[in-house]
Protein chains: 2
Amino acid sequence: MNPDQQPLRTSRTPRAVQIVAAARDLLEERGRDELTMRALAERLGIRAPSLYKHFRNKEAVEAALVEDALADMGTALHTALAGASPTDRVPVLLAAYRRHALAHPALYRLATTGPLPRAALPERLEEWAGSPFFLATEDPHLAQALWSYAHGMVVLELDDRFPGGSDLDLTWQAGARAFTEP
Amino acid sequence: MNPDQQPLRTSRTPRAVQIVAAARDLLEERGRDELTMRALAERLGIRAPSLYKHFRNKEAVEAALVEDALADMGTALHTALAGASPTDRVPVLLAAYRRHALAHPALYRLATTGPLPRAALPERLEEWAGSPFFLATEDPHLAQALWSYAHGMVVLELDDRFPGGSDLDLTWQAGARAFTEP
DNA sequence: TCACGCGGCTAACAGCGTTAGCCATCTCTC
DNA sequence: GAGAGATGGCTAACGCTGTTAGCCGCGTGA
C-alpha cells in the first residue's frame, strides 16, 4: 500500500482516447440514458458498429470512463489533503469530495453506482483513489464509514432526495463534526 | 408533521395488487434488469400490452413498488425504535436499516436510487419513512447526515464496493459511534 | 507487387417499452 | 329479457437499444 504514488493507467490507442473523450462529453451533456452506442458514434462521425473495432462492447467503454473518473477523483482528493493542516483534514476532504462529484455528476454516478468493473481497471487505482479517507481518519473502519457518509450525501443530493428547503451546507457540517474527534 | 401516524396508501384495484406483487417477486428473484413488461406479464399469464390496462406505463409500476418499499422500511424503522432505550437509538436504528435493506436488496435500490416519483406517492409517506432518523438524533441536520451515512453504507455494501476482507460489522460500529454523542 | 490488417460500412437480429385497434365477457339499466 | 357500456384480454407493429456478420477501401511492410 503506497498511497503516494499514482498507479498505472490502462493504455489506449489514439482513437480509443477520442472515443472515451466523446463518451464523457455525451454523458455529462445528455445524461446516462442518452449515452448510447449510436449517439456516441454519431458524435464521432461514424456508425455504431465501427465502435466495436475499438471496444469489445458498451461495458468496456463505460469501464474506461470509470477508470478516468476514479483517477480524477483520486487526484482531486490527494491534492486537497496536501494543502490541509492535520486538524482540518476531514472537512477539507469532504468539501473536495462534494465539489468534485457535483462538478461531474453523471460521471460520478457512473463510476460509483452498480458493480465496479474491477477486471478492467489498473491494479491499485481503486485503493489509491480511496486512500485519502484513510489519511484523514487514520483508522480503516472510520475511513470506510466516512467514505460511505460522503457518498451517501452526494448521491442523495444529486438525486434531489432531501426535503425541499434543506440547507445542505449545514448537513455537511454536521457530518464533518460527527467524524471529527472532539 | 405527525410521525406517529402512518400515512395513507394509494388505492389499487385487486388486479393492480396482483401485478405489483408479481413485479416485486420478479424484481427480487431476477434483478432490476430483468423486470421487464414482457417478463412481468408472462408471470401473470397475460401479454405485455394488457398491463397497460392497469398501469399507465412501466414507471407507474415502479412507483407502486417504491411506495411499498418506503412503507415497509418506515414500518421496520419505527418498530425498531419503539423498543429501544433512548441511549441506544442510533445503533438500533442503523441495525434495523441495514437488516431491512439487505433483506430486500433490489427493492431497496429501486426505491432509493434515481429520482423519487414524488407525484405518484401518498402525501407524507416519504417524510414519515425518514422520520426515525430525526427521532434518533433530535437534530434535523444530524438526522440527514445519519441517513446519508446509512444509505451510503448499504449501497456500497450491496454493490460490493468495499475492499475484500473488510469487516463491515466494525465499520457500522465505527459509524454508529461517530454519530452518538460522547 | 502483393498480402494483410486497420477501420470504416450496411444489413440484420433479438429484446425493450409502448400504441392502435379488435373482441369477448360481465354488469347495469330500462 | 335486451341492449349499452365498461373491463380486460389479444395481435400487430413501431422505434429504440446493443450487438454480430460480412464486405470493402486504404495504408503499410515484406
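Predicted, not measured: the structure shown is a model, and the values here were computed from it. In the text below, chain A, chain B and the rest are named by the order of the sequence lines, each starting its count at 1.
For M37(A) and dC16(C), the CE to P distance is 20 Å, given to the nearest whole Å. One atom, CG of L44(B), and another, C1' of dG8(D), lie 13 Å apart when rounded to the nearest Å. Between the CD atom of E42(A) and the P atom of dT10(C) there is a distance of 13 Å, given to the nearest Å. For the pair F55(B) CZ and dT19(C) P, the interatomic distance rounds to 15 Å; values are reported in whole Å. The OH atom of Y52(B) sits 15 Å away from the C1' atom of dG9(D) (whole-angstrom rounding). The nearest whole Å value for the distance from the CG atom in L40(B) to the C1' atom in dT18(C) is 15 Å. Here dG17(C) presents its P atom at 7 Å from CZ of R38(B), a figure rounded to the nearest Å.
The side-chain heavy atoms of E126(B) and P163(A), taken from C-beta on, include no pair separated by under 4.5 Å. Using a 4.5 Å cut-off on side-chain heavy atoms (C-beta onward), I46(A) and H54(A) make no contact.
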Identify each donor-acceptor pair in which a side-chain atom of residues 79-89 of chain A lies under 3.5 Å from a protein atom, sequence neighbours left out, and give them as a table.
residue	atom	partner	partner atom	Å
T79(A)	OG1	T75(A)	O	2.6
S85(A)	OG	T87(A)	OG1	3.4

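Summarising the geometry of L35(B) relative to A23(B), their closest heavy-atom pair is CD1-O, 3.9 Å, with the distance given to 0.1 Å. When all heavy atoms of A145(B) and M153(A) are compared, the closest pair comes out as CA-SD, 4.5 Å.
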Atom pairs under 3.5 Å, N or O on each side, protein against nucleotides 3-9 of chain C: can you list them with distances?
residue	atom	partner	partner atom	Å
dG8(C)	OP1	R15(A)	NE	2.9
dG8(C)	OP1	R15(A)	NH2	3.2
dG8(C)	OP2	H54(A)	NE2	3.0
dG8(C)	O6	K53(A)	NZ	3.0
dC9(C)	OP2	R47(A)	N	2.6
dC9(C)	OP2	S50(A)	OG	2.9

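Applying a 4.0 Å cut-off to non-hydrogen atoms, the residues of residues 56-64 of chain A that approach DNA chain D are N57(A), K58(A), listed by residue number.
Partners of D159(B) by salt bridge (Lys or Arg N to Asp or Glu O under 4.0 Å), not counting sequence neighbours, listed by chain and number: R109(B). Taking E157(A) as the reference, R98(A), L102(A), F162(A), L168(A), W172(A) meet the side-chain contact (heavy atoms from CB on, under 4.5 Å) condition, with sequence neighbours excluded.
Identified under the ring-ring contact (aromatic ring centres under 6.0 Å, His included) test for residues 86-124 of chain B, with sequence neighbours left out: Y97(B)-Y108(B), Y97(B)-F133(B), H100(B)-H104(B), Y108(B)-H151(B).
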